[in-house]
Chemist: 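Can you read through this structure? Questions will come right after.
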Amino acid sequence: MIVSRFFEAVVRWQRQHGRHDLPWQGSTDPYRVWLSEIMLQQTQVSTVLGYYDRFLRRFPDVQALASAPLQDVLALWSGLGYYSRARHLHRCAQTVVQRWGGQFPQCAKDLQSLPGIGSSTAAAIAAFCYGERVSILDGNVQRVLTRLLAFEGDLAQSANAKVLWQQAQALVPADATHLQMRAYTQGLMDLGALVCKRSRPACGRCPAQSSCMAHARQQEGDFPVKTRQLRRRTERWWLQVVRRAADGAYWLQPRPAQGIWAGLHAFAVLDEGEAAAQPPAGASGAEGPLWHDPIRHSLTHRDLVLQPVEWRVAAYAPEGPGCWVRSVAELDLGLPAPLRAWLMQRLASAAP
DNA sequence: GAGGCGTGGCA
DNA sequence: TTGCCAAGCCT
């Protein structure tokens with residue numbers, strides 16, 4: 001197919017049928033675009049809608065974000081998942097302020113040198129904000145292009161993903177304007193989200209239907225080819241819930257810097273039930289244990305069974321840092337989603 | 001290169 | 001219920 005035909009078809013389709021009212025559209029402020037792109041990594045639009053405006057109000061510009069404590073950033077990210085994004089976001093803001101004079105770099109190559117910005121996010125920012133003629137290649141585009149081209153390569157192998165990206169880049173005309181790049185980049189995402197969906201694609205509404213090789217073969221469902229499958233295993237964690245007898249406050253402590261929920265606040269995690277049945281070290285006047293109903297929580301690669309084991313203590317002097325939480329208002333912290341839900345329920349229903 | 005890293009929606 | 005996976009990046 002003539003390269004520019006696909007490009008122009010997507011641009012035209014986006015202007016007429018694409019999304020135009022998302023909160024991060026209509027601005028070419030790289031800070032706003034960058035924030036949206038990071039939040040949208042592996043995260044659906046409907047989820048991000050509940051976070052984006054609140055985050056922007058708290059951190060209206062890159063300087064505000066850079067100078068904030070990381071814990072404040074994690075608190076606003078709480079529930080969004082993939083918390084390394086929040087840590088990278090914070091570091092990236094500081095890098096932009098300290099090394100780039102407060103201005104985001106203006107080309108994809110330099111953007112990609114920043115923490116948390118990979119090749120696809122760099123391309124998205126560069127295309128939206130500066131009209132750079134680079135192609136994104138996220139999950140949407142992989143699906144759209146592998147179908148368009150009947151691309152058989154297994155995308156689990158990075159060499160194939162690289163080839164597809166070169167094909168994607170080849171679809172962008174050398175003389176594309178800034179306005180076209182914006183519409184095209186958004187159009188690829190909109191096509192993937194609204195038309196060229198994973199299951200039951202709406203080919204009748206697709207601007208590229210007549211040139212789609214997978215459609216011609218009625219093999220839309222065969223693309224993209226991606227063999228990688230990760231195995232999920234179940235783990236049982238005992239949560240050591242330390243509660244102050246005087247006021248019912250809960251003790252929360254920061255998670256290790258690596259691993260699941262890194263840097264968030266949580267109960268201490270023990271991997272043995274026997275340990276959970278012992279009074280917490282540093283506690284005096286401990287009463288318990290009280291075994292709560294287990295919380296089932298699934299991650300991409302792990303099924304967790306969280307078993308809260310509560311101890312009421314008269315006094316507590318633990319080894320590491322932490323904080324007491326005794327009301328819903330004090331849940332203004334970076335918390336794993338299942339623990340936030342559990343605490344919300346208990347703090348909301350508890351007597352004052 | 002392969003695996004770790006959250007959450008929620010949907011088939 | 002279970003599995004899949006979305007505007008990916010990092011190690």
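Lettering of chains follows the sequences in order, A, B, ..., and the numbering in each one begins at 1.
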Chemist: Does A:A124 reach a base, just sugar-phosphate, or nothing at all? Heavy atoms under 4.0 Å.
Modeler: nothing
Chemist: Does NZ or CZ of A:R326 come closer than 6.0 Å to the centre of the six-membered ring of A:W324, within 45° of the ring's axis?
Modeler: no
Chemist: Between A:R302 (CZ) and B:dT7 (P), how many Å, whole number?
Modeler: 13 Å
Chemist: Is A:R58 salt-bridged to A:D72, going by a charged N under 4.0 Å from an acidic O?
Modeler: yes
Chemist: I need the CZ-C1' distance between A:R296 and B:dG8, as an integer number of Å.
Modeler: 18 Å
Chemist: Indicate for each nucleotide in nucleotides 3-11 of chain C, in 5' to 3' sequence, whether protein heavy atoms under 4.0 Å reach the base (B), only the sugar-phosphate (S), or nothing (-).
Modeler: S-SBBBSS-
Chemist: Quote, to the nearest angstrom, the P distance that separates C:dC5 from B:dG3.
Modeler: 16 Å
Chemist: Rounded to whole angstrom, note down the P distance from B:dC5 over to C:dA7.
Modeler: 23 Å
Chemist: Nearest-nucleotide wise, let me know which of A:A159 and A:Y51 is further upstream toward the 5' end of DNA chain B.
Modeler: A:A159
Chemist: Indicate yes or no for a side-chain donor-acceptor contact from A:S113 to the backbone of A:D110 under 3.5 Å, with no hydrogens or angles considered.
Modeler: yes
Chemist: Between A:S211 and A:R5, is there a side-chain donor-acceptor contact under 3.5 Å, judged purely by atom types and distance?
Modeler: no
Chemist: On DNA chain B, nearest-nucleotide positions of A:H297 versus A:A156: which is more 5'?
Modeler: A:A156
Chemist: What nucleic acid atoms does A:P224 come within less than 4.0 Å of, heavy atoms only: base, sugar-phosphate, or nothing?
Modeler: nothing
Chemist: OP1 or OP2 of B:dC5 versus the side-chain N and O atoms of A:H301: is any pair under 4.0 Å?
Modeler: yes
Chemist: OP1, OP2 of B:dT7 versus side-chain N and O of A:W261: anything below 4.0 Å?
Modeler: yes
Chemist: Students often get this wrong, so: under 4.0 angstrom with heavy atoms, is A:R200 touching a base, only sugar-phosphate, or nothing?
Modeler: nothing
Chemist: Do you know which of A:H215, A:R200, A:R198, A:R143 makes side-chain hydrogen bond (donor to acceptor under 3.5 Å, both in side chains) with A:E220?
Modeler: A:H215
Chemist: Got a second to check how far A:R19's CZ is from A:Q14's CD, nearest 0.5 Å?
Modeler: 9.0 Å
